[in-house]
> 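Here it is: the structure, laid out below.
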Amino acid sequence: MTAVVRRIIHIDMDAFYASVEQRDNPGLKGQPVAVGRCQERGVVAAASYEARKFGVRSAMPSVQAQRKCPHLIFVPPRFDVYRAVSAQIHAIFARYTPLIQPLSLDEAYLDVTNPLLLRPSATAIAEEIRAAILYETGLTASAGVSYNKFLATLASDYRKPNGQFVIPPNRGEAFVANLPVNAFHGVGPATAQRMHTLGIHTGADLRRFSLDILRQHFGKAAAFYYGIARGKDDRPVEPNRPRKSLGKEITFAQDLRTSAELHAALHELAAKVWAGCQKRNLTGRTITLKLRYTDFNQCTRSLSLADPVQDQEILAEMACRLLAPLLPVRAPVRLLGITLSTLLSPQDQEATTQLSLLRR
């Protein structure tokens with residue numbers, strides 16, 4: 001029996017936040033725009049393509065971005081607007097398939113192996129979706145079409161902005177062979193550097209390593225790297241992918257130095273994280289503290305509890321407990337973050353409680 005070849009589309013909006021701002025304010029069209037705040041501790045959330053020509057990128061400090069592009073226009077973010085536009089875009093996706101895996105407000109995988117609307121090909125569906133997005137939102141999107149998620153993601157980058165690229169099954173392995181490993185989605189900078197020390201610079205280099213050798217160097221991730229070097233990726237599109245964590249972080253306008261300042265900030269963060277938990281009817285058992293000093297060195301500390309966090313005060317208390325060994329701080333602190341993971345729904349909590357009772 002012949003295996004069904006999947007048809008996967010990766011849709012990625014073009015400079016989404018910045019493009020929304022340019023759409024809503026015609027005076028910004030053609031201008032270098034950064035979504036973010038022009039202040040000492042500001043960070044660029046998104047940059048228009050005009051700004052990117054000067055080297056401005058998302059996650060770049062605002063001060064650095066302004067040095068690269070002195071005439072950069074900063075626009076404060078409007079996340080309520082971005083969420084509303086994202087909902088419009090996802091409604092378009094839903095016309096073609098129920099198998100949609102959102103990655104963010106502006107990015108998603110679609111499995112159109114068995115589409116709701118019959119079209120000649122996945123390529124035709126992608127073209128139709130991009131045209132509908134442009135007509136209904138005034139924004140452009142890029143698309144990658146292939147037989148797995150990894151290649152579809154690579155393909156969507158290949159014709160950006162406002163483009164589309166297809167990698168058919170008979171071209172997957174050859175396409176990967178010539179690419180540098182640091183261009184692979186799923187291979188971060190640290191992993192790419194480790195690969196470089198092993199002489200792995202391209203997909204072809206990676207393919208020369210056996211699975212056993214890769215396991216020695218990369219552990220559980222080895223199977224994924226072994227597969228993508230050969231154009232293989234069996235991960236399904238997961239429309240109901242469970243959330244793995246909830247977190248918030250703050251970059252402060254003024255560095256924090258004292259225990260009192262740090263504790264107050266952690267209580268503020270705990271309130272925000274817990275509000276997100278209540279909104280989604282979730283809690284969790286693992287608390288992670290993130291702390292970044294003014295020299296940009298960073299440390300994280302985690303604590304897993306036997307029972308899930310029950311309220312905001314417990315979350316704040318556990319975060320302060322994680323902070324305690326780091327006091328007094330060795331340098332002023334510019335960023336703090338709290339993340340709650342090992343998330344549980346009410347049904348999960350009930351099942352955990354029942355299991356606990358049975359073990360007594």
Side-chain angles (χ1 to χ4, degrees), residues 5-19 46-53 55-59 89 92-93 96-97 99-113 115 119-134 137 139-189 191-192 195 200-207 224-225 227-235 237:
V5 176
R6 292 185 299 162
R7 299 192 293 174
I8 309 296
I9 301 172
H10 178 245
I11 298 284
D12 193 5
M13 300 300 295
D14 298 323
F16 182 52
Y17 297 170
S19 295
S48 69
Y49 282 99
E50 295 86 356
R52 294 181 190 187
K53 291 176 183 177
V56 178
R57 297 286 183 269
S58 61
I89 294 164
I92 294 170
F93 297 160
Y96 296 88
T97 178
L99 299 178
I100 304 163
Q101 181 182 332
L103 301 176
S104 60
L105 291 178
D106 62 338
E107 188 180 4
Y109 290 117
L110 286 67
D111 187 328
V112 294
T113 308
R119 295 294 183 267
S121 64
T123 303
I125 292 174
E127 288 172 346
E128 202 168 298
I129 287 173
R130 290 176 52 241
I133 290 172
L134 180 60
T137 72
L139 302 170
T140 63
S142 295
V145 183
S146 197
Y147 57 96
N148 64 44
K149 289 163 70 170
F150 174 72
L151 290 171
T153 308
L154 289 179
S156 67
D157 278 343
Y158 212 65
R159 291 284 186 266
K160 262 190 167 293
N162 195 25
Q164 184 169 314
F165 191 71
V166 181
I167 304 176
N170 63 347
R171 291 289 303 149
E173 189 169 349
F175 186 87
V176 171
N178 298 318
L179 284 181
V181 291
N182 55 313
F184 289 4
H185 291 267
V187 176
T191 300
M195 288 184 176
I200 302 172
H201 297 277
T202 66
D205 295 333
L206 182 58
R207 196 162 60 233
F224 175 70
Y225 300 148
I228 62 175
R230 291 157 177 79
K232 296 178 181 178
D233 176 13
D234 296 328
R235 294 174 300 159
V237 171

> Walk me through it: do Tyr225 and Thr191 pass the test side-chain contact (heavy atoms from CB on, under 4.5 Å)?
CA-CA 11 Å; Tyr225 300 148; Thr191 300; 3.5 Å; yes
> Taking all heavy atoms of Ser146 and all of Ala152, pick out the closest pair and write down the distance.
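Scanning both residues, the minimum pair turns out to be CB-N, 3.7 Å.
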> Can you tell me if Asp111 uses its side chain to pair, donor with acceptor, with the backbone of Thr97 under 3.5 Å?
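Not a single qualifying donor-acceptor pair exists.
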> What pair of heavy atoms forms the shortest contact from Arg7 to Thr113, and how long is it?
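Nearest pair, atom of Arg7 first, then Thr113: N-OG1, 3.0 Å.
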> Applying side-chain hydrogen bond (donor to acceptor under 3.5 Å, both in side chains), name anything that partners Asn182, two or more places apart in sequence or on another chain.
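Here no residue qualifies.
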> Run the salt bridge (charged side-chain N to carboxylate O under 4.0 Å, His left out) test against Arg230 and tell me which residues pass, sequence neighbours left out.
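Arg230: no salt bridge (charged side-chain N to carboxylate O under 4.0 Å, His left out) contacts found.
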> Quick one: salt bridge (Lys or Arg N to Asp or Glu O under 4.0 Å) pairs with a partner in residues 147-158, sequence neighbours left out?
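Those involving residues 147-158 do not exist here.
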> Nearest 0.5 Å, please: how far is CD in Gln164 from CD1 in Ile129?
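It is 9.0 Å, given to the nearest 0.5 Å.
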> Please assess Ile11 against Leu110 for the test side-chain contact (heavy atoms from CB on, under 4.5 Å), listing each intermediate value before the final yes or no.
CA-CA 8 Å; Ile11 298 284; Leu110 286 67; 4.2 Å; yes
> So does Arg52 get a backbone contact from the side chain of Arg57, meaning a donor-acceptor N/O pair under 3.5 Å?
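Yes, the answer is positive, given that a donor and an acceptor are paired below the 3.5 Å cut-off.
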> Give a yes or no on this: more than 12 heavy atoms of other residues, nucleotides or ligands lie within 6.0 Å of atom CG of Asn162.
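Check passes, neighbour count above 12.
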> CD/Glu128 to OH/Tyr96 distance, rounded to the nearest 0.5 angstrom?
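Going from CD on Glu128 over to OH on Tyr96, the span is 3.5 Å.
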> Looking only at atom types and distance, does a side-chain atom of Thr137 sit under 3.5 Å from a main-chain N or O of Ile133, one as donor and one as acceptor?
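Answer holds: yes.
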> Kindly assign one of parallel, tilted or perpendicular to the pair Phe224 and Phe150, based on the angle between their ring planes and the thresholds 30° and 60°.
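Plane angle over 60°, so perpendicular.
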> If I compare all heavy atoms of Ile228 with all of Val176, which pair ends up nearest, and what's the gap?
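Scanning both residues, the minimum pair turns out to be O-CG1, 3.3 Å.
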> Side chain of Arg130, backbone of Ala141: donor and acceptor closer than 3.5 Å?
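Flag set: sc Arg130 to bb Ala141 pair under 3.5 Å.
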> Classify the ring geometry between Phe175 and Phe165 as parallel (under 30°), tilted (30 to 60°) or perpendicular (over 60°).
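Rings of Phe175 and Phe165: tilted, as their planes differ by 30° to 60°.
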> Begin from the C-alpha positions of Leu154 and His185 and carry the test side-chain contact (heavy atoms from CB on, under 4.5 Å) through to its verdict.
CA-CA 7 Å; Leu154 289 179; His185 291 267; 3.9 Å; yes
> Check whether any side-chain N or O of Arg159 sits under 3.5 Å from a backbone N or O of Ser142 as a donor-acceptor pair, and report yes or no.
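No, Arg159 side chain to Ser142 backbone: no donor-acceptor pair under 3.5 Å.
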> Which atom pair, heavy atoms only, marks the closest approach of Ala126 to Val145?
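For Ala126 versus Val145, the nearest heavy atoms are CB-CG2, 3.8 Å.
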> For residues 161-179, which residue pairs qualify under salt bridge (Lys or Arg N to Asp or Glu O under 4.0 Å), counting only residues two or more places apart or in two chains?
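Matches after skipping sequence neighbours: Glu173-Arg207.
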> Mind listing the closest non-hydrogen atom pair of Ala174 and Asn178 along with its distance?
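Reported closest heavy-atom pair: O-ND2, 3.6 Å.
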> Closest heavy-atom contact between Gly231 and Tyr147?
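Result for this residue pair: O-OH, 2.9 Å.
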> Identify, with sequence neighbours excluded, every residue that meets salt bridge (charged side-chain N to carboxylate O under 4.0 Å, His left out) alongside Glu127.
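Applying salt bridge (charged side-chain N to carboxylate O under 4.0 Å, His left out) to Glu127 gives none.
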> With sequence neighbours excluded, what pairs up with Asp14 under the salt bridge (charged side-chain N to carboxylate O under 4.0 Å, His left out) test?
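Salt bridge (charged side-chain N to carboxylate O under 4.0 Å, His left out) check on Asp14 returns Lys160.
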> To the nearest 0.5 Å, what is the distance between OG (Ser156) and OH (Tyr109)?
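Ser156 atom OG to Tyr109 atom OH measures 8.0 Å (nearest 0.5 Å).
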> Just verifying a value: how many Å separate Tyr158 OH and Ile167 CD1, rounded to the nearest 0.5 Å?
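Spacing of OH (Tyr158) from CD1 (Ile167) equals 8.5 Å.
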> Out of curiosity, Tyr17 OH to Asp106 CG, how far, rounded to the nearest 0.5 Å?
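CG of Asp106 is found 6.5 Å from OH of Tyr17.
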